[in-house]
Participant: 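Quick one: the structure is below, and I'll ask about it shortly.
Here is the naming used below: chain letters follow the sequence lines, and residue numbers restart at 1 for every chain.
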Amino acid sequence: MINIVLSASVLPWVFFFGKILFIFTLGFGVIAPVMIWVERRVAAFVQDRVGPNRVGPLGLLQSLADGIKLLLKEDLRPDEVRPFFFILAPALAAVPAAMAFAVVPFGPETTLGGLLAEPARLQIAPLNVGLLYVLAIGSLAVYSIALAGWASNNKFSVMGSLRASAQMISYELAMGMAVVAVILMSGSVDLYDIVKAQTNHWFIFTIPGFIAFLIFVPAMFAETNRTPFDLPEAEAELVVGFHTEYSGMKFGLFFLAEYVNMTTLSAMCVLFFFGGWEFLPFGLTWEGIGYQVDQHWFSWVIPFAWFAAKVAFFLFVFVWVRWTLPRFRYDQLMGLGWKTLVPIGIANIALVAGLITFGGGF
Amino acid sequence: MTTTVPFAYWLILSFGVFCFGACGFLIRKNALSLLICLELMLSAVNMAFITFARMHMSEGGNILYFLVITVAACESAVGLALMINYFRLKQNIRLDDARALAG
Amino acid sequence: MPDLHHILFFSFAAIILFSAGMVAFRPRPVESAMWLILNFFVTAGLYVLLGSHFTAVIQVLVYAGAIMVLFVFVILLLNLDPRELGTEGGASWSSLVLFMGFLSFVLVALQLATPDLLKAPAALPEASTFGSVEAASRELLTKYIWGFQLSGIILLLALIGVGLIAYRKAKAPQVKGAHA
């Protein structure tokens, strides 16, 4: 049996399906429950209280309890909603989140220590337009919010959804500006090549890269509707906004989609600015310190774990900022996006282009 | 990845979508649906452009697709703005009522 | 024998034609817009089959992700009463069928007169850059630079035009009940 699996024709397929299973289990089965627990515990510590610690050791099974609760909750469908779009909207939120997650590279190219005939990437879909694909799928996420609010047939939901959609499309622009600077610096839109271009120096330690990072981070928060940009779902002001009428697993899908989006964007941040899975900046890559990433069939685990640690740090930053900063007012939010981030982004692109053309480097 | 389907099928598909768009355009009385069918027709023509680009292995088709999309975006934005104004004026978007310039 | 490309092409083509029919003949604009989004998405998949990856991603990013968002916003904001949508009528069906029939006849005649179209296309060479970002951007910035700059200007004009046409200072809010 092991011999059949390891044979040259079967192993690539086993690897392919194993990759899909692993990454999606990680993304949907591990990250969402862990993030729910992290969110509630970190919120508690920031607010000087304890948080859930009854269910299981340290409250770790709280997410399981929450998931069971959501599944068993009554799936309300109020009379006034438009039925088809009401059910479509959570699906339209979860599916693009999953699709964007499919192009994130989790580690270096590996031949599993020589078992595979040619190097395979640790990406479900090694697209050569990977970055544009992520931006494209991100713009599809606007539909779920717009339809959710409109289908709920409820003034608060409509207002919340219109605000959220306007916010998301405005900050897509700012994010695009930041990302164009990264594309110029790395010379490719393939996510794997962007990491490879950071072998000697991470982009955050360059001037235009740092400015792009400063633009990317608010855009990241605004794209996922997290504080300080979560006015559209502000609990005190808009009765949870566009998902007011949703209960049970439909709400669970919105929740899940938000966490997966957060993970995808954190992964993007790490890939663009922090060198992906490379060990340390300034040339201290895994190869540099003598660790061969392709020696044994399990050697890719260490770079993958390092990448996962960096992404986990950014997820922690998401939660940390949520419970630290107050919410932006809507006009402040839109003003920041259009009047501050976009001009700085354009200037940054001009700076990068100038440095590459005339400066010979950055 | 390269296709093995003959180009004739692609052109027939593009024509089919254009037909649907044109039929929808001609029978609609509602300005929004009209603009949507217009977008459908433009998309069909784009498909023909890409097919011809592949047929002659020329990037010009891809570039022209890009420019057509730009113009489609501008034209739909301006069309929708005009339609919003019309709606503010008349509180409906039935095009049959827009007869002020008719002879 | 079922070739993967044939299967993919025909299933995508079926979805595209079905959604185009739904766009053209559904009475409510919201449904038309949703079917059009599906149409654009599957068309992008079709472009990948042709080998134009850049085009496919631009289709989703710009057409399905920006232009249709604009349409959906306007449709949702106008909040039309279904009574105001009007019944379909317009041009008569027989004239439509005649018109489309004539165009199809012309198209089929052209296809039969060009036997090259009915052969399977030649395979792309292994290192071909057709349809990739590099090839498209190189052409756009060297050979078609005028078109590129003019499209930038036309976008700016559209932006200014839309602002002039559609902007109104907010008046006292009128509360209108949401219609079905």
Side-chain angles (χ1 to χ4, degrees), chain B residues 1-13 15-17 19-24 26-30 32-33 35-37 39-40 43 47 50-51 53-55 57 59-60 62-63 65-67 69-74 76-78 80-85 87-88 92-94 96, chain C residues 3 5-6 9 13 16-17 20-21 23-25 29 32-33 36 39-40 43 47 49-52 54-55 58 62-63 66-67 70-71 74-75 78 84-86 88-91 96 100 107 111 117-121 123-124 130-131 135-136 139-140 144 147 151 154-155 158 161-162 165-166:
Chain B
M1 187 175 181
T2 177
T3 183
T4 55
V5 176
F7 289 122
Y9 295 179
W10 295 84
L11 293 174
I12 292 176
L13 173 66
F15 176 71
V17 177
C19 262
F20 275 123
C23 288
L26 290 170
I27 69 173
R28 291 290 196 172
K29 290 191 161 211
N30 173 6
L32 271 171
S33 302
L35 286 170
I36 290 175
C37 292
E39 292 298 317
L40 192 60
S43 170
M47 207 187 300
I50 304 293
T51 309
R54 174 72 175 86
M55 200 190 299
M57 289 304 292
E59 282 295 328
N62 286 335
I63 305 301
Y65 164 88
F66 199 69
L67 298 177
I69 275 196
T70 308
V71 171
C74 298
S76 59
V78 174
L80 285 171
L82 284 171
M83 220 202 54
I84 288 179
N85 258 352
F87 180 75
R88 282 181 186 141
N92 66 16
I93 50 172
R94 257 174 295 157
D96 277 353
Chain C
D3 187 10
H5 292 281
H6 277 80
F9 175 78
I16 287 178
L17 284 173
V23 169
F25 298 118
S32 295
L36 192 60
N39 193 20
F40 286 156
T43 309
Y47 290 159
L49 277 184
L50 266 181
S52 306
F54 178 60
T55 308
I58 292 295
V62 174
Y63 244 135
I67 296 179
L70 182 61
F71 268 100
V74 171
I75 293 173
L78 285 186
E84 292 167 9
L85 290 174
E88 313 310 333
L96 274 181
M100 294 305 159
L107 182 78
Q111 303 269 10
L117 284 177
L118 290 170
K119 293 200 296 255
L124 280 173
F130 176 76
E139 292 282 315
L140 199 57
Y144 295 95
S151 65
I154 207 179
L155 280 167
V162 168
I165 294 173

Participant: Give the C-alpha distance, both sets of side-chain angles, the deciding distance and a yes or no for side-chain contact (heavy atoms from CB on, under 4.5 Å) between B/Val17 and C/Asn39.
Facilitator: CA-CA 10 Å; B/Val17 177; C/Asn39 193 20; 4.3 Å; yes
Participant: Tell me, with the steps shown, if B/Phe66 and C/Phe54 meet side-chain contact (heavy atoms from CB on, under 4.5 Å).
Facilitator: CA-CA 10 Å; B/Phe66 199 69; C/Phe54 178 60; 4.2 Å; yes
Participant: Mind listing the closest non-hydrogen atom pair of B/Met47 and C/Thr43 along with its distance?
Facilitator: CE-CG2, 3.8 Å
Participant: Compare every heavy atom of C/Leu17 with every heavy atom of B/Gly16, then report the nearest pair and how far apart it is.
Facilitator: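 The answer is C-CD2, 4.0 Å.
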Participant: Which heavy atom of B/Ser43 sits nearest a heavy atom of C/Tyr63, and at what distance?
Facilitator: N-OH, 3.9 Å
Participant: So does C/Ala166 get a backbone contact from the side chain of B/Arg88, meaning a donor-acceptor N/O pair under 3.5 Å?
Facilitator: yes
Participant: Among B/Ala22, B/Ala77, B/Gly21, B/Cys37, single out the residue with the greatest number of heavy-atom pairs under 4.5 Å to chain C.
Facilitator: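 Between B/Ala22, B/Ala77, B/Gly21, B/Cys37, the count favours B/Ala77.
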Participant: Among C/Ser32, C/Ala66, C/Gly161, single out the residue with the greatest number of heavy-atom pairs under 4.5 Å to chain B.
Facilitator: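 Greatest number of close heavy-atom pairs with chain B: C/Ser32.
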Participant: Which atom pair, heavy atoms only, marks the closest approach of C/Ile165 to B/Asn85?
Facilitator: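 Smallest heavy-atom distance, with atoms named: O-ND2, 2.8 Å.
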Participant: Output the distance between atom CD1 (B/Ile36) and atom CZ (C/Phe71), rounded to the nearest 0.5 Å.
Facilitator: 5.5 Å
Participant: Quick one: which of B/Ile84, B/Ile50, B/Leu35 has the most heavy-atom pairs under 4.5 Å with chain C, could you say?
Facilitator: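 Option with the greatest count: B/Ile50.
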Participant: Checking the side chain of B/Asn62 only, and the main-chain atoms of C/Thr55 only, is there a donor and an acceptor separated by less than 3.5 Å?
Facilitator: no
Participant: Quick one: what part of C/Ser151 sits under 4.5 Å from any heavy atom of chain B, side chain, backbone, both or neither?
Facilitator: both
Participant: Would a distance-only check, ignoring hydrogens and angles, find a side-chain to backbone donor-acceptor pair under 3.5 Å from B/Arg28 to C/Ala24?
Facilitator: yes
Participant: Could you check whether any side-chain N or O of C/Tyr144 sits under 3.5 Å from a backbone N or O of B/Leu67, counting only pairs where one atom can act as donor and the other as acceptor?
Facilitator: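 No.
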Participant: Measure the shortest side-chain to side-chain distance between C/Ile16 and B/Phe20 over non-hydrogen atoms and say whether it is less than 4.5 angstrom.
Facilitator: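 No, too far: nothing below the 4.5 Å cut-off.
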Participant: Report which part of C/Phe9 has an atom under 4.5 Å of a heavy atom belonging to chain B: side chain, backbone, both, or neither.
Facilitator: side chain
Participant: Checking heavy atoms, do the side chain of C/Leu36, its backbone, both or neither come under 4.5 Å from chain B?
Facilitator: side chain
Participant: Roughly how far apart are B/Trp10 CH2 and C/Leu49 CG, rounded to 0.5 Å?
Facilitator: 5.0 Å
Participant: Of all heavy-atom pairs between B/Ser76 and C/Ile67, which one has the smallest distance, and what is that distance?
Facilitator: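 Answer, listing the atom of B/Ser76 first, then C/Ile67: OG-CG2, 3.6 Å.
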Participant: Would B/Glu39 and C/Val23 satisfy side-chain contact (heavy atoms from CB on, under 4.5 Å), going step by step from the backbone distance to the final call?
Facilitator: CA-CA 10 Å; B/Glu39 292 298 317; C/Val23 169; over 6 Å; no
Participant: Might you work through the side-chain contact (heavy atoms from CB on, under 4.5 Å) test for B/Leu80 and C/Val162, ending with a clear yes or no?
Facilitator: CA-CA 9 Å; B/Leu80 285 171; C/Val162 168; over 6 Å; no
